[in-house]
There are 2 protein chains.
Amino acid sequence: MPRTAQITRLKPGKRTDIRRENESLIRRAAEKVFAEAGFGGATMQLIADLAGLPKANLHYYFPTKEALYRRVVQDIFEIWLNAAACFDNAKGPVDGIGAYIDAKMEISRRHPDGSKVWASEVMHGAPVIQDYLETTLRDWTDGRIAVIQTWIDSGKMAPVNPRHLLYMLWATTQHYADFGHQIETLNDGGPLTDQQWREAKESVKAVILRGIGAG
Amino acid sequence: MPRTAQITRLKPGKRTDIRRENESLIRRAAEKVFAEAGFGGATMQLIADLAGLPKANLHYYFPTKEALYRRVVQDIFEIWLNAAACFDNAKGPVDGIGAYIDAKMEISRRHPDGSKVWASEVMHGAPVIQDYLETTLRDWTDGRIAVIQTWIDSGKMAPVNPRHLLYMLWATTQHYADFGHQIETLNDGGPLTDQQWREAKESVKAVILRGIGAG
DNA sequence: CTGTTGTCTGACCATACGGTCAGGAAATGA
DNA sequence: TCATTTCCTGACCGTATGGTCAGACAACAG
């Protein structure tokens, strides 16, 4: 039934619409509540209120609190991995790492809640996404380490331990999301302006790139 | 009664001993449980079990869960601030920032749970220690920024935004505690060895110090 | 129109949690 | 020894939470 399929895609029908709309609503609300209160502190009632739906409706789309949480964490992980693409098609460390820092800083700015949920999950021993750490993340990390090593071998940057360099990149960029509240407090209580975000990016890039002898 | 006071200090008496011993027991257990489960996920029963005491006994020493939590966070904050002393009596950025990195890395290694509790607290909007952020931390930060600025003005380091440099120092060092589980997973599941910790410290110091033009 | 499937929800339940309390045990001081 | 203070704890309570369910309602297919 190609015709039906096409119609379904172009005119999805009310049911499909409702499902996608509500799932999205719930996931966005859950991301915020999980980020603000942690898994244990978050309640389905809070998420339901924020989503503007009855609590029972949440359990219609997501069987358990854990299932909803897992979905939220997976979404974040995907965004986070996708943003690392710019790392690959780079000629050298200045392009590659510079673009990676830009991308990750942008994620910290646009998806601070997601970053917090991820941080929380890892801090608590990654009970839900341990398998991701052991497979996808490990593979990705090994690949990037190899790339950095070729840059070192070809003299494009100083011989810095690639693994610890990666940790520094993650730490410095995600800090602006995970510790955003602290940063705002030290910024007279307000969020960083466009100019301040630009300065943050440039500062991080300046120190790191000069630090690896590629600035 | 100076005699009584002195005797109390030298021979504290069983009651004083018991109190100090149990309070310490509870605080250490609480630090671990709060770090592993977050404030919301932690239960007084879990803390009690880990401390080897009945739950009701916890409420004898700490009236509420929040009071116990507040105490744990305060302890960490103190350790964290004290370790920053080495920053002050330094001639220049290489000594000062190098020693600061060493000290903070050592804290990440020795008090990972404390660091996690602190991170969790800040990530959730610092509901308990907001006043500390606005007073002590802000003052400390302003002071260090001034010091770094003098180093820049006297040409001892490159003109890097001091505030963002501080954030980088916090982020990179605390990452080894807060994301310790992720790091261990990427390290074949085991904790870093002495050699690996040394390498981590050296990598961070090398990149940062060279990055600020002081390496 | 009619049957079927998917969507929604108020009311309900079992459990687990933070916190209380009465009263017993142990240490201390006189 | 006796009185007083501190320490301890099993049993208990009110509440809030995650999750369930029967049944109402809306969309779709034939």
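Naming: A, B, ... by sequence-line order, numbering from 1 per chain.
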Just list the side-chain donor-acceptor pairs under 3.5 Å for residues 28-36 of chain A, sequence neighbours left out, or say none.
residue, atom, partner, partner atom, Å
A:R28, NH2, A:S24, OG, 3.4

Send over the distance from [X] [atom1] to [N] [atom2], rounded to a whole Å.
X: A:E21; N: C:dT7; atom1: CD; atom2: P; answer: 14 Å
X: B:E66; N: C:dG19; atom1: CD; atom2: P; answer: 8 Å
X: B:D49; N: C:dC17; atom1: CG; atom2: P; answer: 10 Å
X: B:L58; N: C:dC17; atom1: CG; atom2: P; answer: 14 Å

All N/O contacts under 3.5 Å from nucleotides 23-27 of chain C to the protein, with atom names and distances to one decimal?
residue, atom, partner, partner atom, Å
C:dA27, OP1, B:K14, NZ, 3.3
C:dA27, N3, B:R15, NH2, 2.3

Toward the 5' end of DNA chain C, which comes first, B:P63 or A:P54, by nearest nucleotide? A:P54

Looking only at side-chain N and O atoms, does [X] come under 4.0 Å of OP1 or OP2 in [N]?
X: B:Y61; N: D:dC7; result: no
X: A:Y60; N: C:dC8; result: no
X: B:R19; N: D:dT6; result: no
X: A:N57; N: C:dG10; result: no

Listing time: all N or O pairs from protein to nucleotides 14-18 of chain D that are below 3.5 Å?
residue, atom, partner, partner atom, Å
D:dG18, OP1, A:A42, O, 3.1
D:dG18, OP1, A:K65, NZ, 3.1
D:dG18, OP2, A:M44, N, 2.9
D:dG18, N7, A:K55, NZ, 3.0

Counterpart residues, salt bridge (charged side-chain N to carboxylate O under 4.0 Å, His left out), relative to B:E184 (two or more places apart):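 Salt bridge (charged side-chain N to carboxylate O under 4.0 Å, His left out) list for B:E184, sorted by chain: empty.
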
Suppose we screen for salt bridge (charged side-chain N to carboxylate O under 4.0 Å, His left out). Which residues come up paired with A:D188, at least two apart in sequence or across chains? B:R138

Please say which of B:W170, B:Y132, B:Y100 ends up in a ring pair (Phe, Tyr, Trp, His ring centres under 6.0 Å) with B:W80. B:W170

Looking at [X] and [Y], does any basic side-chain N land under 4.0 Å from a carboxylate oxygen?
X: B:D102; Y: B:K205; value: yes
X: B:E23; Y: B:R20; value: no
X: A:D194; Y: A:R198; value: no

Heavy-atom contacts under 4.0 Å between residues 24-38 of chain B and DNA chain D, which residues?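 Close to the strand, none.
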
What is the distance from atom NE2 of A:H164 to atom CG of A:L169, rounded to the nearest 0.5 Å?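 Here the interatomic distance stands at 13.0 Å.
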
For B:E66, is the CD atom crowded, meaning more than 12 foreign heavy atoms sit under 6.0 Å from it? no

Do A:S115 and A:D178 have side-chain N/O donor and acceptor atoms under 3.5 Å apart?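 Yes, side-chain donor-acceptor contact under 3.5 Å.
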
Between A:W151 and A:F87, how do the two ring planes meet: parallel, tilted or perpendicular, split at 30° and 60°?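 Geometry flag for A:F87 against A:W151: parallel rings.
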
Side chain of A:N22 - closest among C:dT20, C:dC8, C:dT9: C:dC8

